[in-house]
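Structure, as structure tokens:
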Amino acid sequence: MSKKIVVLPGDGIGPEVIEGAVSVLQKCASIYSLELEFEEYKIGGAAIDEFGQPLPEPVLERCLEADAVMLGAVGSPKHDNNPPHLRPEKALMGLRKGLGLFANLRPIITFDELLDASPVKREIVEGVNILIVRELTGGIYFGEPRGFKAGENGRSGYNTEIYYDYEIERIARVAFDSASLRSGKVSSVDKSNVLESSQLWKSVVEDVHRDYKAVKLEHVLIDNCAMQLLTRPKEFDVLLTNNMFGDILSDEAAMLSGSIGMLSTASLGVEKSSGRLGIYEPAHGSAPDIAGQDKANPLATIGSVALLFRYSLQREDIAQKIEAAIRQVLKDGHRTADIAGPGDKAIGCREMSDKVLERISN
């Protein structure tokens, strides 16, 4: 049966890293006799330039009909002064909400070959393997009311942090299910000593935990968690967070791996028998300062292809094949500029993608 993959290259280095990712998808389809159908559309700054909006409605409709979506990156300095509804980043919010993608999974894995690339001491980061499970469609980023107003004390800006119990329950189940297949521990992050939304979060997570007696649960305050991520990261297995805390912690955790250019993400919706519709993308941004220079690291985007096969196409064997190829390329000593050490020769985005393709073919 044919599977439809919608490709959204986006802005900046997005088209460069997506090119390598699509090549990997095509190579795996050829090796494993899969029928994949690709459709490519513009979003973000590229869509604003051509259509006057960051996420055209027809693009969202095509994504809803797909089996999976590959996304490069969005963001363009030329649109920095646009009104909020015409910012490239609005495309991400629209995709997540429109596709019902409530769960963001970001693996944080350190490779032995890149331990010295991390600013954190080798003995601290060696062996780190964390899965951050972030709630993606609730919380302060989507809460209402929000806006600006003028008063006797001057202008004010306000946002609403709000969670409903069903939103917390479904993301907690993703975390506990994931932990059941890993080391069996969930660290739930909150600020329950201050925030009512966190008090509800903690209560609902404890309720859900009753269905997962084999999984250990601990509660960690956000400020303490931020500190512990850099001092004892190996103590964490699955980190369960709300939207804003996960946004911050996942980028902090990127430094454990040495470069945000190594981190892949999957944003998933409701599970179906045929797999989950998801958006697969690198954790990094559009990096306009190096766009078009063949300097980007494609490994995070290629790693996202592995997540696509794992969650949306339910082909764990292919996912492991891709991940093994990435490890081998690093063992072979190949580095892009962001992960190159002193004396290392940096290769470009296309060459790094070609190296992974060679390993997949072997």
Side-chain angles (χ1 to χ4, degrees), residues 12-28 30-31 70 72-73 106-131 230 233-234 251 253-265 280-285 287 289-310 317-362:
I13 63 172
E16 299 170 60
V17 295
I18 280 291
E19 182 180 355
V22 171
S23 295
V24 170
L25 277 162
Q26 292 171 332
K27 174 61 70 174
C28 291
S30 175
I31 293 173
M70 283 296 307
R106 181 176 296 184
I108 308 293
I109 299 171
T110 57
F111 296 90
D112 290 344
E113 295 78 15
L114 299 181
L115 293 178
D116 292 329
S118 172
V120 184
K121 293 179 180 179
R122 169 184 281 262
E123 59 268 25
I124 292 177
V125 299
E126 186 174 14
V128 166
N129 187 342
I130 303 170
L131 179 64
L230 298 180
K234 284 179 280 192
D251 281 357
M255 291 300 94
L256 300 174
S257 68
S259 171
I260 200 168
M262 293 298 300
L263 298 187
S264 310
T265 67
Y280 300 90
E281 60 184 308
H284 60 68
D289 56 317
I290 62 169
Q293 301 177 39
D294 195 35
K295 292 182 178 179
N297 184 346
L299 294 181
T301 316
I302 294 173
S304 296
V305 174
L307 299 180
L308 185 156
F309 277 110
R310 175 169 290 127
D317 55 334
I318 303 178
Q320 291 186 17
K321 177 81 170 180
I322 296 169
E323 290 165 347
I326 293 173
R327 293 190 193 95
Q328 190 58 54
V329 165
L330 294 173
K331 288 181 181 179
D332 292 342
H334 302 298
R335 304 285 186 270
T336 47
D338 60 312
I339 54 175
D344 288 338
K345 177 186 176 182
I347 63 176
C349 182
R350 289 189 186 90
E351 186 174 355
M352 180 63 89
S353 298
D354 289 342
K355 296 295 183 185
V356 177
L357 284 170
E358 290 172 11
R359 284 296 173 184
I360 291 174
S361 300
N362 292 342

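Across all non-hydrogen atoms, the minimal contact from Gly20 to Ser353 is CA-OG, 3.5 Å. The two residues Val128 and Leu256 come nearest to each other via the heavy atoms CG1-CD1, 4.4 Å. Thr110 and Val125 get closest at one heavy-atom pair: OG1-O, 2.8 Å. Heavy atoms only, all atoms of each residue included: Ile326 and Phe111 are closest at CG2-CZ, 4.5 Å. For Gly12 against Ala291, the heavy-atom pair with the smallest separation is C-CB, 3.6 Å. Shown here for Ile260 and Met255, the closest heavy-atom pair between the two residues is N-CE, 4.2 Å.
Between Glu351 and Thr336, every side-chain heavy-atom pair lies at or beyond the 4.5 Å cut-off. Looking at Leu25 and Met70, their side chains come closer than 4.5 Å, going by heavy atoms from C-beta outward. Lys355 has its side chain within reach of Glu358: a pair of non-hydrogen atoms, C-beta onward, lies under 4.5 Å apart. Within the 4.5 Å cutoff, side-chain heavy atoms of Cys28 are placed close to those of Ile322. Inter-residue side-chain proximity for Pro233 and Ile124 is flagged as met; some heavy-atom pair is nearer than 4.5 Å. Looking at Leu299 and Val17, their side chains never come closer than 4.5 Å, going by heavy atoms from C-beta outward. Looking at heavy atoms from C-beta onward, Arg335 lies in side-chain contact with Glu113 at the 4.5 angstrom threshold. Annotation: side chain of Leu357 is in contact with side chain of Asp354 (closest heavy-atom distance under 4.5 Å).
Here Arg359 pairs with Asp332 under the side chain to side chain donor-acceptor pair (under 3.5 Å) rule; sequence neighbours left out. Residues passing the side chain to side chain contact (heavy atoms under 4.5 Å, CB included) test with Lys295, sequence neighbours excluded: Ile290, Gln293. The salt bridge (Lys or Arg N to Asp or Glu O under 4.0 Å) search around Asp317 returns Arg315, not counting sequence neighbours.
With values rounded to the nearest 0.5 angstrom, Phe309 atom CZ is found 4.5 Å from Ile318 atom CD1. In this structure, CG in Asn297 is found 9.0 Å from CD1 in Ile347, a value given to the nearest 0.5 Å. Distance check: Ile108 CD1 to Ser257 OG gives 6.0 Å after rounding to the nearest 0.5 Å. Rounding to the nearest 0.5 Å gives a distance of 4.5 Å between CZ of Arg122 and CG of Leu115. The CD1 atom of Ile360 sits 10.0 Å away from atom OG of Ser23, with the distance rounded to the nearest 0.5 Å.
Remark: the backbone N or O of Cys349 is paired with a side-chain donor or acceptor of Asp294 at under 3.5 angstrom. Remark: the backbone N or O of Ser304 is paired with a side-chain donor or acceptor of Ser264 at under 3.5 angstrom.
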Pair His284-Ile13, side-chain contact (heavy atoms from CB on, under 4.5 Å): steps then yes or no: CA-CA 10 Å; His284 60 68; Ile13 63 172; 3.5 Å; yes
Verdict with reasoning, Glu16 to Arg350, per side-chain contact (heavy atoms from CB on, under 4.5 Å): CA-CA 8 Å; Glu16 299 170 60; Arg350 289 189 186 90; 5.9 Å; no
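Of the charged side-chain nitrogens involved, at least one lies within less than 4.0 Å of a carboxylate oxygen, so that Asp251 and Arg106 count as a salt-bridged pair.
Heavy-atom contacts from other residues, nucleotides or ligands closer than 6.0 Å to NZ of Lys27 number 12 or fewer.
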